[in-house]
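Read the structure below first, then the notes.
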Amino acid sequence: MQIRKLHSWHVDPAEARDIQRRLATQVSRQPAPGAVDLIAGVDVSTNDRLGIARAAVVVLRYPDLAVQENSTVEEDLTFLYIPGLLSFREAPAVFRAFERISSAPDLVMIDGQGIAHPRRLGIASHVGLILDIPTIGVAKSILVGRHRELPDEPGAWVQMFDRDEVVGAAVRTKRGVKPVYVSIGHKVDLPVAISWTLNCCRSYRLPEPTRLAHLAAASRLPIIGRY
DNA sequence: GCGACAG
DNA sequence: ATCTTGTCGC
């Protein structure tokens, strides 16, 4: 798929935060109409010792969730991990991976926050905006926001608040385990983000797109077999 | 000023 | 994120 433009990633943290505040105003929190046949999962693994990021984009067909395509690429790391600035570290590798897929996913689930972010521009929103594609942030832990306890029942969810603003939802995808933290990335609303997350869950805490992308980014995605 | 802090 | 096997608990 074609990437419109890349940003300059060699920026200092203060400039990065400025860019985020500017881009955040362009994020769409409304769902884009259209059928969803292909869902992509995105994850990045990093190795500071080697200075390398490995990004994986795994495209699944819906509803069977069979793997249609897998693009895994490596990219030099040029940015430290700073809470709130994750996309400046990991997104370049993600864009590289997207350049090498032939199909066009209708929806992308990204490991990390969407608007549940101090400046409302987590990596899921940033990537969605640049690619101009609907994205959902599915994080394993919280960056900002608080929530009430939620029932230990698959499908249960509660809103997450930053101050008095709803920034996402804690979603129980499986009994007896921590919830995942779902937020709008781009071109979806919160109900849509939550329902697609649940739609894509099988036997694990993480929805299949993100779970398989994580395996791929860690080079643990077998060509054959049940996993 | 102090603590919190996606991956 | 990453270093990493077996073990404890539901």
Side-chain angles (χ1 to χ4, degrees), chain A residues 9 13-14 16-17 19-21 23-24 27 41-58 72-97 108-129 135-147 151-154 160-163 165 167-186 190 193 197 203-207 209-221:
Chain A
W9 301 99
R17 294 184 184 96
I19 292 170
Q20 289 181 328
R21 282 184 280 261
L23 292 181
V27 170
V42 173
D43 191 31
V44 180
S45 69
T46 59
N47 185 323
D48 278 309
R49 189 173 54 82
L50 298 176
I52 291 294
R54 184 189 293 120
V57 175
V58 178
T72 301
V73 305
E74 291 184 348
E75 180 87 341
D76 291 337
L77 286 169
T78 63
F79 205 90
L80 294 173
Y81 172 68
I82 300 170
L85 299 181
L86 179 69
S87 62
F88 287 83
R89 175 174 171 83
E90 297 191 346
V94 172
F95 294 137
R96 267 294 168 75
V108 180
M109 301 185 43
I110 301 184
D111 186 19
Q113 315 292 348
I115 65 170
H117 176 279
R119 290 164 295 282
R120 308 293 180 259
L121 196 86
I123 187 169
S125 297
H126 197 158
V127 168
L129 195 57
T135 57
I136 298 171
V138 181
K140 300 183 293 299
S141 62
I142 294 174
L143 176 58
V144 296
R146 302 153 35 81
H147 66 86
D152 189 19
E153 187 71 28
M160 292 178 60
F161 288 88
D162 186 17
R163 299 287 188 141
E165 184 181 350
V167 294
V171 180
R172 190 80 68 189
T173 56
K174 179 181 178 168
R175 192 185 312 278
V177 300
K178 268 182 60 174
V180 296
Y181 305 96
V182 175
S183 57
I184 293 169
H186 186 48
L190 190 53
T197 298
S203 307
Y204 301 86
R205 174 164 86 118
L206 297 181
T210 295
R211 191 179 75 81
L212 295 184
H214 183 69
L215 292 176
S219 305
R220 305 229 180 283
L221 181 60

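Letters A, B, ... mirror the listed sequences (proteins, then strands); counts begin at 1.
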Atom-pair distance (CG on L215(A); P on dA1(C)), nearest Å = 12 Å

Per-nucleotide protein contact along nucleotides 1-7 of chain B, 5' to 3', at a 4.0 Å heavy-atom cut-off (B base, S sugar-phosphate only, - neither), is ----BBB

Nearest heavy-atom pair of Y81(A) and P83(A): which atoms, and what distance?
-> OH-CA, 3.8 Å

How about V127(A) and I110(A): do any of their side-chain heavy atoms sit closer than 4.5 Å?
-> yes

In dot-bracket notation, what is the pairing pattern of DNA chain C, taking Watson-Crick (N1-N3 plus N6-O4 or O6-N4) and G-U wobble (N1-O2 and O6-N3) contacts under 3.5 Å, with [ ] crossing and | for other strands?
-> ..........

Base-contact (B) and sugar-phosphate-only (S) positions in nucleotides 5-10 of chain C, heavy-atom cut-off under 4.0 Å, - elsewhere | ------

Side chain to side chain contact (heavy atoms under 4.5 Å, CB included) between V94(A) and V44(A), intermediate numbers included = CA-CA 7 Å; V94(A) 172; V44(A) 180; 3.6 Å; yes

Residues forming a salt bridge (charged side-chain N to carboxylate O under 4.0 Å, His left out) with R21(A), sequence neighbours excluded = D18(A)

For P154(A), check side chain to side chain contact (heavy atoms under 4.5 Å, CB included) against everything at least two apart and list the hits.
-> R175(A)

Sequence neighbours excluded - side-chain hydrogen bond (donor to acceptor under 3.5 Å, both in side chains) pairs with any residue from residues 111-122 of chain A | Q20(A)-R119(A), D111(A)-K140(A), R120(A)-D162(A), R120(A)-E165(A)

Could I get the full list of side chain to side chain contact (heavy atoms under 4.5 Å, CB included) partners for A56(A), not counting sequence neighbours?
-> T72(A), A216(A), A217(A)

T135(A): which of V42(A), I184(A), I123(A), V108(A) passes side-chain contact (heavy atoms from CB on, under 4.5 Å) | V108(A)

Length of the line joining L50(A):CG and dA1(C):P, which is rounded to integer Å | 17 Å

Side chain to side chain contact (heavy atoms under 4.5 Å, CB included) between R146(A) and M160(A), worked out | CA-CA 5 Å; R146(A) 302 153 35 81; M160(A) 292 178 60; over 6 Å; no

With sequence neighbours excluded, residues passing side chain to side chain contact (heavy atoms under 4.5 Å, CB included) with P179(A) | L150(A), A170(A), R172(A), Y181(A)

Which residue pairs pass the side-chain hydrogen bond (donor to acceptor under 3.5 Å, both in side chains) test with at least one member in residues 43-52 of chain A, sequence neighbours excluded?
-> D43(A)-H214(A), D48(A)-R89(A)

Any salt bridge (Lys or Arg N to Asp or Glu O under 4.0 Å) involving residues 78-87 of chain A? Give me the pairs, sequence neighbours left out, ordered by first then second residue.
-> none

Sequence neighbours excluded, the answer for side chain to side chain contact (heavy atoms under 4.5 Å, CB included) partners of K174(A) is V177(A)

If pairs are Watson-Crick or G-U with both distances under 3.5 Å, what is the dot-bracket string of DNA chain B, marking crossing pairs with [ ] and pairs to another strand with |?
-> .......

